[in-house]
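In what follows, a structure is listed as structure tokens, so that the remarks can point back to it.
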There are 2 protein chains.
Amino acid sequence: MSNKTKASITDMLRASNLSITDTRVKILELFIDSNGALEHSSFEKLAGHSFDRVTVYRTLQTFLDKGIIHSIPTTDTSIRYALCKSDCSEHDHHDHHIHFKCEECGNTICLDDTTVPEIQLPKGYAAHNIDVVVSGVCKECK
Amino acid sequence: MSNKTKASITDMLRASNLSITDTRVKILELFIDSNGALEHSSFEKLAGHSFDRVTVYRTLQTFLDKGIIHSIPTTDTSIRYALCKSDCSEHDHHDHHIHFKCEECGNTICLDDTTVPEIQLPKGYAAHNIDVVVSGVCKECK
DNA sequence: TCATTTATGCAACAAAGTTGCATAAATGTA
DNA sequence: TACATTTATGCAACTTTGTTGCATAAATGA
Ligand SMILES: [Mn+2]
Ligand SMILES: [Mn+2]
Ligand SMILES: [Zn+2]
Ligand SMILES: [Zn+2]
């Protein structure tokens with residue numbers, strides 16, 4: 001990882017009023033270096049048990065709260081997380097893109113150039129957030 | 001529950017080549033009586049520990065395989081399940097409707113009269129399934 | 001009623017997630 | 001740089017969730 005990126009990581013944390021700690025920097029590095037969404041257990045594997053499981057839970061929750069990452073729903077009991085690229089902030093996410101889960105490689109990715117379509121809901125329903133998760137075969141695996 | 005429904009439950013199981021057992025009938029009853037999607041822990045609560053946890057896991061998996069229920073993705077480590085209403089069959093689900101999760105009452109429901117919109121994916125991606133989960137406030141809670 | 005097939009229950013695990021609390025590290029100020 | 005204060009971390013102990021193997025019970029067709 002370049003120094004430039006390391007600098008931007010500390011900037012990122014400071015912008016969210018978070019203190020710069022080894023765990024937070026390392027987890028953000030893992031997100032930046034990854035080409036897909038990460039689940040909780042990935043961090044322990046990727047970082048080689050260099051930090052406690054509890055700390056990972058708490059760090060991910062903090063990042064969610066601050067709008068640094070967003071979560072991607074699944075049906076396999078392992079929530080995925082990915083960096084927010086747009087201007088998300090505390091309690092105000094703007095990640096209105098489609099997520100894709102490849103059935104071949106298992107990778108889950110943000111399709112950053114897409115937008116979720118307008119959803120017509122029945123009378124009486126108010127939408128705050130729309131998650132679109134497409135599964136299929138990704139361009140690497142086809 | 002009416003006898004008519006009980007009869008249709010056994011029909012349902014027979015149509016999927018499943019033997020009629022107390023657990024399967026009871027779990028289907030719970031689905032029919034419920035006005036929203038159910039998660040694993042609901043069955044133990046609703047049925048009052050009348051069957052083993054392992055049996056619930058295995059029964060839900062069987063129903064998924066047979067196209068009797070479908071799963072709804074979440075970001076809260078508890079997958080929801082709901083009855084398939086359309087003509088789903090083994091390994092061939094057709095539940096192309098939108099799911100709604102109410103942030104007030106916590107209920108997750110199938111919006112059966114909706115259809116998931118066309119999704120435009122980047123070049124090289126092939127879609128097999130599309131999940132749309134909308135969160136917000138339902139018509140009961142508004 | 002009986003033989004065969006299949007589902008269930010139990011035990012024993014493994015994995016995932018939570019909470020309280022003492023300690024360590026980060027930060028702002030002197 | 002040193003210190004006081006705030007905050008994050010690590011650990012233990014625990015709860016919840018999910019898995020597997022195996023003996024027994026129940027369902028089914030003959
Ligand atoms: Mn995303
Ligand atoms: Mn549904
Ligand atoms: Zn792939
Ligand atoms: Zn509601």
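Below, chain A is the first sequence line, B the second, and so on; all start at residue 1. Computed from a predicted model, the values in this text were never measured in an experiment.
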In terms of heavy-atom contacts, Thr114(A) and Leu111(A) come closest through OG1-O, 2.6 Å

ring-ring contact (aromatic ring centres under 6.0 Å, His included) filter on Phe51(A), not counting sequence neighbours, yields none

To the nearest angstrom, the CG-C1' distance between Asp52(B) and dA25(D) comes to 14 Å

Give a yes or no on whether a salt bridge exists between Asp76(A) and Lys101(A), defined as a side-chain N under 4.0 angstrom from a carboxylate O.
yes

Do any N or O atoms of the protein come closer than 3.5 Å to N or O atoms of nucleotides 12-23 of chain C, and which pairs are they?
from, atom 1, to, atom 2, distance (Å)
dG17(C), OP2, Tyr57(A), OH, 2.9
dG17(C), O5', Tyr57(A), OH, 3.4
dG17(C), N7, Arg53(A), NH2, 2.6
dG17(C), O6, Arg53(A), NH2, 3.3

Here the distance between atom C1' of dA26(C) and atom CG of Leu13(A), to the nearest Å, is 12 Å

Check whether more than 12 heavy atoms from other residues, nucleotides or ligands sit under 6.0 Å from atom CD of Gln120(A), and answer yes or no. no

Review point. Using a cut-off of 4.0 Å on non-hydrogen atoms, how would the nucleic acid contact of Thr62(A) be classed: base, sugar-phosphate, or nothing?
Key: nothing

Practice item. Indicate whether the side chain of Thr23(A) and that of Arg58(A) have a donor and an acceptor atom separated by less than 3.5 Å. Key: no

The single option from Phe63(B), Phe43(B), Tyr81(B) that satisfies ring-ring contact (aromatic ring centres under 6.0 Å, His included) with Phe31(B) is Phe43(B)

Rounded to whole Å, NZ of Lys26(A) lies from P of dT9(D) at a distance of 15 Å

Open item on the list: For Ser19(B) and Arg24(B), which I'm curious about, is there any donor-acceptor pair between the side chains at under 3.5 Å?
Closed with: yes

Atom CD of Gln61(B) and atom P of dT17(D) are separated, to the nearest Å, by 18 Å

From NZ of Lys66(A) across to P of dT7(D) the rounded distance in Å is 11 Å

Side-chain atoms of Thr55(A) come closest, of dT9(D), dT8(C), dA27(D), to dT9(D)

Worksheet entry | Greater than 12 external heavy atoms within 6.0 Å of Asp11(B)'s CG | yes

query: Taking only N and O in the side chain of Ser19(B), is any of them less than 4.0 Å away from OP1 or OP2 of dT6(C)?
result: no

The bend of the helix from dT1(C)-dA30(D) to dA30(C)-dT1(D), taken between the axes of its five terminal pairs at each end and rounded to 10°, is 40°

Check: Ile98(A) and Ile119(B) side chains under 4.5 Å, non-hydrogen atoms: yes

Ile20(A) atom CD1 is separated from dA24(C) atom P, nearest whole Å, by 22 Å

Separation of dA27(D) atom P from Asn17(B) atom CG, nearest Å, is 17 Å

In whole angstroms, the gap separating P of dA7(C) from CD1 of Ile27(B) amounts to 13 Å

